[in-house]
Amino acid sequence: MDIPLGISMGAVLVPEYGREYEKLFSLADKALYQAKHNGKRGYTLYSQEVVSNIAREDSLQQEMERVSKIVDNRNDKDGALMLSIDQFSTIYRFIQRFSVRYGGKASKFLFVLSGDDPEALKQATAQFSECLKRTLRRSDIIMQNKPNEFFLLLPELSEEDTSAVMSRIMKSWETYSHDCNIKIEKVIEPLSYD
């Protein structure tokens, strides 16, 4: 899976700020908070200035900007999102609720790849994953449920439009070089609103 990872770090100088673990941990935690406050994926070395910056949250607008920076995924690529089962499940339930409340529509797809050669199947599965991410919209989500199985949720897609999407996926898939003995089975249905 292509999952962008990042790290934020907070650090404190030893022995300048002491040697006691609990105190140093608390100071490093404050520095980490400041690193995240600055938009994540960075580091901050503890200082009195860091403490002052943390204490200066003086407007709701600044807090809104800070929180937005933290949750914003700046490395978001074009195409569909590949999510874990927990992330996917949360969004799936949200889209169900949203659709019931506001009359939306969505479709779900299941793709299962099979083949006789395990190595060729593994390679084809990786390629099919990339094919889906590239072909689908940024609002579409993908979950790789099993090594050879993909479950998709396409919001704002009516049953009438599913054949066009399926055609686009399969046309894109043909551009990949893969073992011709790979079989793709699929099921498409509208999202149920239970």
Side-chain angles (χ1 to χ4, degrees), residues 1-8 36 39-42 67-193:
M1 289 188 209
D2 182 19
I3 302 173
L5 297 177
I7 188 168
S8 297
K36 289 181 177 182
K40 297 172 83 172
R41 293 179 179 84
V67 172
S68 296
K69 279 183 184 178
I70 290 170
V71 298
D72 183 29
N73 186 355
R74 294 169 301 189
N75 292 328
D76 193 17
K77 298 178 182 176
D78 288 336
L81 290 172
M82 177 71 77
L83 301 176
S84 70
I85 190 165
D86 293 332
Q87 294 168 324
F88 188 95
S89 297
T90 300
I91 293 174
Y92 186 91
R93 288 189 307 272
F94 171 78
I95 290 175
Q96 278 183 316
R97 290 177 177 190
F98 186 89
S99 296
V100 166
R101 176 69 174 97
Y102 298 104
K105 53 194 177 281
S107 294
K108 52 188 179 179
F109 290 50
L110 177 68
F111 291 96
V112 179
L113 284 71
S114 59
D116 297 329
D117 180 357
E119 194 55 41
L121 180 59
K122 183 178 176 182
Q123 181 181 3
T125 300
Q127 290 175 331
F128 193 69
S129 174
E130 185 60 32
C131 171
L132 291 173
K133 287 188 277 186
R134 279 189 12 197
T135 306
L136 297 172
R137 305 169 296 183
R138 292 181 69 160
S139 59
D140 299 333
I141 58 173
I142 306 166
M143 174 184 66
Q144 189 166 354
N145 190 43
K146 294 180 182 174
N148 64 325
E149 184 176 293
F150 296 91
F151 187 72
L152 284 57
L153 180 60
L154 286 68
E156 293 303 312
L157 183 70
S158 66
E159 284 185 73
E160 300 79 39
D161 296 327
T162 57
S163 60
V165 172
M166 180 58 67
S167 176
R168 193 170 69 239
I169 291 170
M170 298 316 290
K171 186 174 182 176
S172 176
W173 175 239
E174 290 170 6
T175 65
Y176 286 82
S177 60
H178 49 79
D179 188 329
C180 59
N181 293 325
I182 298 297
K183 181 180 176 184
I184 299 178
E185 297 175 276
K186 56 195 169 295
V187 177
I188 305 168
E189 56 185 55
L191 180 64
S192 59
Y193 306 111

State, to 0.1 Å, how close Ala80 and Ile142 come at their nearest heavy-atom pair, and which atoms those are.
CB-CD1, 3.7 Å

Please report the closest heavy-atom contact between Ser172 and Cys131, naming both atoms and the distance.
OG-SG, 3.5 Å

I need the Ser167 OG to Met170 CE distance, nearest 0.5 Å.
9.5 Å

Is it the case that over 12 heavy atoms from other parts of the model lie below 6.0 angstrom from the CD1 atom of Ile85?
no

Counterpart residues, salt bridge (charged side-chain N to carboxylate O under 4.0 Å, His left out), relative to Arg137 (two or more places apart)
Asp140

Inter- and intrachain pairs under salt bridge (charged side-chain N to carboxylate O under 4.0 Å, His left out), touching residues 150-175, at least two apart
Lys105-Glu156

Output the distance between atom CD1 (Ile182) and atom OG1 (Thr125), rounded to the nearest 0.5 Å.
7.0 Å

Report yes if the side chains of Asn181 and Asp117 come closer than 4.5 Å at any heavy-atom pair, otherwise no.
no

Mind checking what makes side chain to side chain donor-acceptor pair (under 3.5 Å) contact with Ser8, not counting sequence neighbours?
none

List for me each residue that meets side-chain contact (heavy atoms from CB on, under 4.5 Å) alongside Ser107, sequence neighbours excluded, and say none if there are none.
Phe109, Leu157, Thr162

Rounded distance [0.5 Å steps], CD in Glu130 versus CD in Gln127:
9.5 Å

How long is the span from the CD1 atom in Ile188 to the CG atom in Leu152, to the nearest 0.5 Å?
9.5 Å

With side chains defined as the heavy atoms from C-beta onward, is the minimum distance between Val112 and Val187 less than 4.5 Å?
no

Test Thr135 against Val165 for side-chain contact (heavy atoms from CB on, under 4.5 Å), laying out the working first.
CA-CA 9 Å; Thr135 306; Val165 172; over 6 Å; no

Kindly write out the residues that satisfy ring-ring contact (aromatic ring centres under 6.0 Å, His included) with Phe98, not counting sequence neighbours, or none if the list is empty.
Phe94, Tyr102

What residues, two or more places apart in sequence or in another chain, satisfy side-chain contact (heavy atoms from CB on, under 4.5 Å) together with Ile91?
Leu83, Ile95, Ile141

Show every salt bridge (charged side-chain N to carboxylate O under 4.0 Å, His left out) that has at least one partner inside residues 180-192, sequence neighbours left out.
Lys108-Glu189

Measure the spacing between CE of Met82 and NZ of Lys133 and express it to the nearest 0.5 Å.
5.0 Å

Residues that Arg93 engages under side-chain contact (heavy atoms from CB on, under 4.5 Å), provided they are two or more places apart:
Ser89, Thr90, Gln96

With rounding to the nearest 0.5 angstrom, report the OH to CZ distance, Tyr92 to Phe151.
4.5 Å

Who are the ring-ring contact (aromatic ring centres under 6.0 Å, His included) partners of Phe150, not counting sequence neighbours?
Phe128

Mind checking whether Phe88 and Leu81 have side chains closer than 4.5 Å, heavy atoms only?
no

So, the side chain of Asn148 versus the backbone of Leu113: is there a donor-acceptor pair under 3.5 Å, distance only?
yes

